[in-house]
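Some notes on the structure that comes next.
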Amino acid sequence: MEFVDESSIEKHREKIRHSTAHIMADVVTKIYPKTKLAIGPPTKDGFYYDFQVETPITDESLEKIETEMIKVMKQDLKFEYTEYSRSEILDMHKDEPFKLDVIKDIAEDVPISTYKHGDFEDLCGGPHVESTGMIPAFKLLSVAGAYWRGKEDQPMLQRIYGTAFESNEALDEHLKKIEEANRRDHRNLAKQLDLFSYQDELGPGLIIWHPKGSKLRSTIEDFWKKEHIRYNYDLIYTPHIGKSTLWETSGHLDFYKENMYPVMDLDGQEYYLKPMNCPFHIMYYRNDIRSYRDLPIRIGELGSVYRNERAGVLHGLLRVRGMTQDDAHIFCRPDQIEDEINKVLDLTFHLMKTFGFENFEIMLSTKPEKSVGEIARWDLAIESLKNTLISRGLTYQIDEGGGAFYGPKIDINIEDAIGRLWQCTTVQFDFNLPERFGLNYIGEDGNAHQPYMIHRALLGSLERFIGVLTEHYGGAFPLWLSPIQVSIIPIADRHIDYANNLASKLGASEFRVDVNTKKERMNAKIRSAQMSKIPYMLIIGDKEVESNNISIRHRSGEDLGVMPFDDLLNKLHLDRDLLK
RNA sequence: GCCCGCAUAGCUCAGUGGUAGAGCGCGUUCUUGGUAAGAACGAGGUCAGCAGUUCAACUCUGCUUGUGGGCUCCA
């Protein structure tokens, strides 16, 4: 079978996957007779089917289910389409509560159909492949829990995930992609590269940054600060706790309390650990009378915040309880909004491209039903966001009603080396806090006006960003980010002095250098540097000492030859500073 | 928070109702070597924690904690 374009292969896969889900449901209902069926749609990468079963389905059961599915496929049963009247359908499904729920949502005048193969008939609009024999390649992947209709107050169902493809080759390719993603998992790489850890005794979602991870992080922080100063931000520092009155004014105690750590009592005053930086930046803004001439004011901080994330959502660096946001709040006049958004986007793309991200997906979220702030402000803000995106020629999707209650926002997802999207950047208007804190500036007319407030985090949080960055590079960071940039490998002990001397000369140019003086053979030292993904290895033996040269090897395996120190330094500078 | 797994040495993992194993790493000794692992010896574990069943629990049961895959939520 050949496919002329992407969309036709996608449609074909949908049919295969949907059909595979039916076959799986067929088998599951036979192995677990009291199963109630929920829904089983195709997804971007495969399919799933949700069941309510009496005994939990385990990973071991998957094999059995697969085996039975293959039998059904071998029988090559036709998928037969039938339309029913509403009363027939309701009667057929009287013992299937979830199906009844689905039927309720189907409009009265629409015909209701099923697809049947063998003796298994499932409520379904199709389409399907012609028969069960037309599933070229499939695999069941995992079992998971899932709420009915994705709502927490609904029953918890058992979900089986699987995937199916038009050929074994395509399936293999997909499985390899999953493997590749696992190979890049930042949690494993963090152990291998000794970047960070989290430990039982500490508490979940709290990160200990090891020296190498800290080096990576501070390199990012230094770069971030330098660029923010260049883009005319004022960087400040604020405390980690604040009095309850602050959080009452900000509204966090009303709307965000369940995410905040419990109250601390001190001298009869209540304090809270901060879940966000905004109120502190506002404290700075409000510390002085502001003129329209002062605006825009851009206040930035690498602000550490603590949030009581629900235990089940924690995940490595990507979801933690203590994190540092690359936060900033911009206070500006209405006529400055568009320019400010433009500048934020300039800075975002500049940072992201420097970190090696080239492709982005942009979401614009508009006013939800429940919201604060005048309509005119919402309209102006949304228009400004749109105009800026359009004038830059950026394509974006609109999430209608997806904004926060306090303002519209742009989220930017970055695409990593293996095509996955990660949400890092968020640019949000806030009509709530300026109102609550009574922020103002004195306008040209001598009257007080409320400033626009834009909240933005570009990397998101350093934790998440470093997690993403680690997976993007598979741990092989570019030179400027590598915790150790150069490993010097003396072949024998008599070369150590030369190696140390070389290390201090490179150190003088601010390269991060390690001299491997272990009692190992050169090959073992190379291997060790290789496993640590150190970009450059400098081999020092008799030949180098005699000729006053250095032998260079790159972690790619390439032998870069022998050169004098000045050439080496130029080469490293070029890689670190110009190719960055 | 909810569903289902998992928890054995610093790391990756075997293992049995009758008081614990490998590889890597670490230490010592020998070896001083040319681009991905030189060799020998040695140290290292209340088998996550607490309770229960049992003559006997690392192994079975329950709870707790942590963690993995998801759901929900989110930087």
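Protein chains get the first letters and strands the later ones, always in sequence-line order, with residue 1 at the start of each. Because the structure is a prediction, the values reported are computed rather than measured.
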Letter by letter from the 5' end, nucleotides 60-75 of chain B scores (B base, S sugar-phosphate only, - none; protein heavy atoms under 4.0 Å) ------SSSBBBBBBB
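- Distance noted for atom C1' between B:rC47 and B:rA20: 8 Å (whole Å).
- Atom name P, nucleotides B:rC55 and B:rG42: the rounded distance is 41 Å, in whole Å.
- Atom CG of A:Leu193 and atom P of B:rC11 are 16 Å apart (whole Å).
- Aromatic ring centres of A:Tyr406 and A:Phe429: separated by at least 6.0 Å.
- Taking the six-membered ring wherever Trp is involved, the centroid distance between the rings of A:Phe280 and A:Trp247 falls below 6.0 Å.
- Going from the P atom of B:rU16 to that of B:rA48 covers 15 Å, rounded to whole Å.
- Among residues two or more places apart in sequence or in another chain, the side chain to side chain contact (heavy atoms under 4.5 Å, CB included) test is passed with A:Val305 by A:Lys274, A:Asn277, A:Arg307, A:Met323, A:Gln325.
- Under the ring pair (Phe, Tyr, Trp, His ring centres under 6.0 Å) criterion, the residue pairs touching residues 533-561 of chain A are A:Tyr536-A:His554, with sequence neighbours excluded.
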5' to 3', nucleotides 32-38 of chain B under a 4.0 Å protein heavy-atom cut-off (B base, S sugar-phosphate only, - none) gives BBBBBBB
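- Atom name C1', nucleotides B:rG34 and B:rG38: the rounded distance is 15 Å, in whole Å.
- Taking every heavy atom of both residues into account, A:Pro535 and A:Ile484 meet most closely at CD-O, 3.4 Å.
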Taking only distance into account, with no hydrogens and no angle test, what donor-acceptor pairs under 3.5 Å do side-chain atoms of residues 32-41 of chain A form with protein atoms, sequence neighbours excluded?
{"residue": "A:Tyr32", "atom": "OH", "partner": "A:Ser61", "partner atom": "OG", "Å": "3.4"}
{"residue": "A:Thr35", "atom": "OG1", "partner": "A:Tyr32", "partner atom": "O", "Å": "2.5"}
{"residue": "A:Lys36", "atom": "NZ", "partner": "A:Asp95", "partner atom": "O", "Å": "3.1"}

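- Here, B:rU59 and B:rU46 have their P atoms 15 Å apart, quoted to the whole Å.
- Across the P atoms, B:rG25 and B:rC11 are found 15 Å apart, a figure rounded to whole Å.
- For RNA chain B, each stem of at least three Watson-Crick or G-U pairs (distances under 3.5 Å) is given as range with range: B:1-7 with B:65-71, B:10-13 with B:21-24, B:26-30 with B:38-42, B:48-52 with B:60-64.
- Atom P of B:rC26 sits at a distance of 35 Å from the matching atom of B:rC60, rounded to the whole Å.
- For the pair A:Arg159 and A:Tyr48, the cation-pi criterion (under 6.0 Å, within 45° of the ring axis) is fulfilled.
- Stacking of A:Arg217 on the aromatic ring of A:Trp209 is recorded, both the 6.0 Å distance cut-off and the 45° axial limit being met.
- Between A:Phe465 and A:Phe355, a ring centre-to-centre spacing shorter than 6.0 Å is recorded.
- Separation of the A:Tyr49 and A:Phe47 ring centroids does not fall under the 6.0 Å cut-off.
- Here, B:rG23 and B:rG44 have their C1' atoms 15 Å apart, quoted to the whole Å.
- A:Leu506 CG to A:Leu572 CG: the interatomic distance, rounded to the nearest 0.5 Å, is 6.0 Å.
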